[in-house]
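Worksheet: one structure, shown below.
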Protein chains: 2
Amino acid sequence: MLTLRQLSYFDALAKEQHFGRAAERVAVSQPALSVQIRELETHLGLQLVERFSGGARLTEAGKDVLEKSRQILLAVQELETFGQTRQGPLNGPFRLGVIPSIGPYLLPDMLPRLRTHYPHLELILRESRTTNLISELSQGHLDAAILALPLEEDNLKTQALFEDPFYLATPKQPDAPAAISATAIPMDDLLLLEEGHCLRDQALQACSIATNPLMKSFGASSLTTLIQLITNGYASTLLPQMCIEKEAGLDHISLIPFLDPAPSRTIGLAWRKSAPTEQDFTALANIIKNR
Amino acid sequence: MLTLRQLSYFDALAKEQHFGRAAERVAVSQPALSVQIRELETHLGLQLVERFSGGARLTEAGKDVLEKSRQILLAVQELETFGQTRQGPLNGPFRLGVIPSIGPYLLPDMLPRLRTHYPHLELILRESRTTNLISELSQGHLDAAILALPLEEDNLKTQALFEDPFYLATPKQPDAPAAISATAIPMDDLLLLEEGHCLRDQALQACSIATNPLMKSFGASSLTTLIQLITNGYASTLLPQMCIEKEAGLDHISLIPFLDPAPSRTIGLAWRKSAPTEQDFTALANIIKNR
DNA sequence: TTGTTTTGATAAATTTTCCTTATTGCGAGA
DNA sequence: TCTCGCAATAAGGAAAATTTATCAAAACAA
């Protein structure tokens, strides 16, 4: 079999034109080098060097082989360098999924800090619903995802990042109370995102509301639409603080915080248990937590 | 030290996504492969594969390393081939691809002459469509291919072999003209091979016919079927001379040559630019040309 | 849950490869 | 002819790779 060792010995021989010195150059005894060169010659079926008293010189075939050998050795060296530059957390491509009800509010803060701390990170973002993110994670199409906990997938690991408290959003009322209790949510008047959006389930769960057939069945398909509806006085809804901080057009809405124990959703990071190392994930989690 | 053995085991692992099967592929026990992979990983200082129950999957770093590895292995393979070709042309194994619309007509003449001139040649033939041949050439699975020019791959080199003029094949007509002009092709009546066959594109291009929605849309999937249809009087088609010389069942068909400038396709030989030497290809080309 | 199967990792023994030292053979120049 | 320098060869030992056997963890089926 052809080996890299043979090629590098041959390279040394070409440089020195002398078996003894070539052997010295690669820190090996002269017979060892001789044997490897002969091995290379028989393997290729070609005479590569012409031995003459005083030293050795390459044949025409040898020169061609040398050129190709050096290309190979160079490529190998490149591969080895590649390894070194790729070390350390969050280096190179990293595929991160985010649920839509977090993405637009969290990312603007997060991305610049990531770029500062990990300049060699090539972040590939994907925004999708929780169920999609989970399956893409499991299949190895994503490296990690930011979503609301808890998850039940037992091939995934999660870490909590922060709590995101809910607010009650109602049409503007001058006499809005400073804070209300979670038990005082106006059920008949409540409007949520359509079925399938995780924000809907989170809101229901956080506030301990059972799904109610009497509840207004118009499911808004996006948060912006939903806020539009509230603004126009149609209903109330539950908004996570995360959205409030960034969403525009909240002027005509009253945002009422809850009394303790305030309902909230837990935002966390998820990744495969079988993922190579955890350093990427802890590094990412730290960046997000220290905002 | 990094070795070629490690790279080829890693290549196998990438192909199989499974340690056991990868080991089988390289004819070695599973632990042997596992050890070499781990060695490669520690040497590069990178985790290359993610082990999970069910198999193994490349990490992002692993994918990059794989690409570089394959380049190296390909270069090594070329170097090995170089040895053989340097000892005289067409010596030892030679993998030749041929497109189906040439193979059955060209090979019966060519093979005996090749055997006479180059008795040590071990020809390995592969018949496939142009796109397949090109990709197999590029990946180093073929040494050369006979197909219709021109090609656009800039990592391949080509040489024209001969011109193969087209004939118009119509159902038998006693008063068939001795020759017709290319501009007089009966478009409405024209039947060609289905989309994807290069012969179809060549015919259209050679005769400067734009794809026409009115054209009969029944695409025949093989040349034999096509000729069958013509025989039964359904339509006309364009046949290259190459096929006419050998195809059976042409008795009930009128074959009308074209007036100058007669449309034709160019048959040529293609190989990798990076191929060790050109002598194989010129030798092969000469054999084909001097038929 | 509890066996059962499958997967990759690990261990120990063995084979293969490679290396070192010692020696030989060959050719050029004194 | 003698001798010096060079590469090839031989023999024994060290290192690397492989094999078989076994293990632990995870997935799967009962």
Side-chain angles (χ1 to χ4, degrees), chain A residues 1-43 46-59 62 76 134-135 137-140 151-157 271-278, chain B residues 1-44 46-59 62 76:
Chain A
M1 189 194 284
L2 194 142
T3 67
L4 290 176
R5 177 179 275 120
Q6 289 163 9
L7 297 188
S8 62
Y9 286 8
F10 179 55
D11 180 50
L13 179 58
K15 285 196 181 104
E16 298 288 352
Q17 308 256 322
H18 185 286
F19 278 75
R21 287 197 299 276
E24 200 173 339
R25 175 185 271 262
V26 294
V28 104
S29 71
Q30 170 261 315
L33 186 129
S34 283
V35 168
Q36 291 298 323
I37 297 294
R38 189 161 39 73
E39 201 108 315
L40 179 61
E41 287 184 319
T42 50
H43 181 80
L46 292 174
Q47 177 129 358
L48 300 177
V49 292
E50 183 187 335
R51 286 90 163 154
F52 63 100
S53 60
R57 106 167 47 89
L58 295 195
T59 63
V76 168
I134 288 177
S135 79
L137 256 183
S138 301
Q139 289 164 32
L151 302 180
E152 337 230 294
E153 307 307 303
D154 55 357
N155 59 340
L156 297 186
K157 250 179 119 167
W271 63 91
R272 276 187 304 286
K273 272 183 185 165
S274 64
T277 72
E278 305 242 314
Chain B
M1 188 194 284
L2 194 138
T3 67
L4 291 176
R5 179 179 271 121
Q6 288 163 8
L7 298 189
S8 63
Y9 286 8
F10 179 55
D11 179 52
L13 180 57
K15 284 197 182 102
E16 298 288 353
Q17 309 251 318
H18 186 286
F19 280 75
R21 288 196 299 275
E24 200 173 340
R25 177 184 269 261
V26 294
V28 103
S29 72
Q30 171 261 314
L33 186 128
S34 282
V35 168
Q36 291 299 320
I37 296 295
R38 189 160 39 71
E39 201 104 318
L40 179 61
E41 287 184 319
T42 51
H43 180 80
L44 293 179
L46 292 174
Q47 180 121 7
L48 301 177
V49 292
E50 181 183 334
R51 286 87 162 157
F52 60 101
S53 52
R57 161 169 54 226
L58 294 195
T59 62
V76 168

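Letters A, B, ... mirror the listed sequences (proteins, then strands); counts begin at 1. What's counted below: heavy atoms across the whole structure, side chains too, no hydrogens, waters or symmetry copies.
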Query - Geometric cation-pi criterion, B/Arg57 with B/Phe52: 6.0 Å, 45° - result: yes

**Report entry** Lys/Arg N to Asp/Glu carboxylate O, B/Glu24 vs B/Lys15, below 4.0 Å
**Finding:** no

**Report entry** Nucleic acid contacts of residues 17-36 of chain A, taken as heavy-atom distances under 4.0 Å to DNA chain D
**Finding:** A/His18, A/Phe19, A/Gly20, A/Gln30, A/Pro31, A/Ser34

Query raised in the report: How close do B/Val26 and B/Ala12 get, heavy atom to heavy atom, and via which atoms?
Result: CG1-CB, 3.6 Å

Report summary line: What one should report as the nearest heavy-atom pair of A/Phe19 and A/Ala56 is CE1-CB, 3.6 Å

**Report entry** salt bridge (charged side-chain N to carboxylate O under 4.0 Å, His left out) against A/Arg21, all qualifying residues, sequence neighbours excluded
**Finding:** A/Glu16

Requested in this report: Identify, residue by residue, the members of residues 4-14 of chain A with a heavy atom below 4.0 Å from DNA chain C, and return them in order of residue number, or none.
Outcome: A/Arg5, A/Tyr9

Out of curiosity, [X] [atom1] to [Y] [atom2], how far, rounded to the nearest 0.5 Å?
{"X": "A/Leu58", "Y": "A/Gln17", "atom1": "CG", "atom2": "CD", "result": "5.5 Å"}
{"X": "A/Arg272", "Y": "A/Leu137", "atom1": "CZ", "atom2": "CG", "result": "6.5 Å"}
{"X": "B/His43", "Y": "B/Thr3", "atom1": "NE2", "atom2": "OG1", "result": "9.0 Å"}
{"X": "B/Leu4", "Y": "A/Leu4", "atom1": "CG", "atom2": "CG", "result": "3.5 Å"}

**Report entry** Five-pair end axes of the helix from C/dT1-D/dA30 to C/dA30-D/dT1, angle between them (10°)
**Finding:** 20°

Query raised in the report: Side-chain N or O of A/Arg51 less than 4.0 angstrom from OP1 or OP2 on D/dA8?
Result: yes

Query raised in the report: Using a heavy-atom cut-off of 4.0 Å to chain A, what are the terminal contacting nucleotides of DNA chain C, in 5' to 3' order?
Result: C/dC18 to C/dA28

Requested in this report: Any chance you could list the contact pattern along nucleotides 23-29 of chain D? Use B for base contacts, S for sugar-phosphate-only contacts and - for none, protein heavy atoms under 4.0 Å, 5' to 3'.
Outcome: ---SS--

Query raised in the report: Can you tell me if A/Glu41 uses its side chain to pair, donor with acceptor, with the backbone of A/Leu48 under 3.5 Å?
Result: yes

Query raised in the report: Do the side chain of A/Gln47 and the main chain of A/Val49 share a donor and acceptor less than 3.5 angstrom apart?
Result: yes

Query raised in the report: Quick one: are B/Ser34 and B/Arg38 in side-chain contact, heavy atoms under 4.5 Å?
Result: no

Requested in this report: For the residue pair B/Glu50 and A/Ser274, confirm or rule out a side-chain donor-acceptor distance under 3.5 Å.
Outcome: yes

